[in-house]
Amino acid sequence: MALRGVWQLKKLVVSYCDWGGSSRGIRACMESHLPAFKESNPQLEVVTELIRGQHPHLKGFFRNKNERVICIKNMTPEDIMQYATSLRNALGRKVVKLKTRHLTKHPTVQGTWTTDVKF
């Protein structure tokens, strides 16, 4: 996704094995879908990396120095392209877990309402 008109994903590294069965989907994807993905995203540097004996994964490097790794073993080429597109559209921010289910600037003094309140 573009933040203020600038795409946040700088580099996408596709790691695969040329021998293993879990990399079958990414090898098919590299022949059919990946060249079109490179052409449609000129702002993105797409690099393929051969790592023998390891499961395939996608690694995205973002402008804010974060990186995200997605394991793609035993996936179809269509699923792999969905994950590559979701990495391209991501902002690269870390996921922050909220402490409460609601956010407010002025928290209540009496506490939050629950169904267990007895009158």
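A single hydrophobic cluster is not seen to contain both I70 and F61; linkage of ILVMFWY side chains at heavy-atom distances under 4.5 Å, directly or through other members, places them apart. Transitive grouping of hydrophobic side chains (ILVMFWY, heavy atoms separated by less than 4.5 Å) brings V14 and Y83 into a common cluster. Under the 4.5 Å side-chain heavy-atom criterion for grouping Ile, Leu, Val, Met, Phe, Trp and Tyr, V46 is connected to L58 within one hydrophobic cluster.
Not a single donor-acceptor pair under 3.5 Å links the side chain of D18 to the backbone N or O of L50. With hydrogens and angles disregarded, no donor-acceptor distance shorter than 3.5 Å links the side chain of S22 to the backbone of K73. At distances below 3.5 Å, not a single donor-acceptor pair connects side-chain atoms of E45 with backbone N or O atoms of Q43. Here the side chain of R63 pairs a donor or acceptor atom with the backbone of W7 at under 3.5 angstrom. Judged by distance alone, the side chain of R68 and the main-chain N or O of R93 form a donor-acceptor pair under 3.5 Å.
From S40, atom OG reaches atom NE2 of H33 across 12.5 Å, with rounding to the nearest 0.5 Å. In this structure, the separation between OG on S15 and NE2 on H55 is 13.5 Å, given to the nearest 0.5 Å. Atoms OG and CE, from S86 and M81 in turn, are 10.5 Å apart once rounded to the nearest 0.5 Å. Note that the CZ atom of R27 and the OG1 atom of T48 stand 13.5 Å from one another [nearest 0.5 Å]. With values rounded to the nearest 0.5 angstrom, I26 atom CD1 is found 12.5 Å from N74 atom CG. In this structure, NZ in K10 is found 11.5 Å from CG in L44, a value given to the nearest 0.5 Å.
Contact record, G92 with N64: O-ND2, 3.3 Å, taken as the closest heavy-atom pair.
Side-chain contact between R88 and L12: absent, with no pair of heavy atoms (C-beta onward) separated by less than 4.5 Å. Looking at T85 and F37, their side chains come closer than 4.5 Å, going by heavy atoms from C-beta outward.
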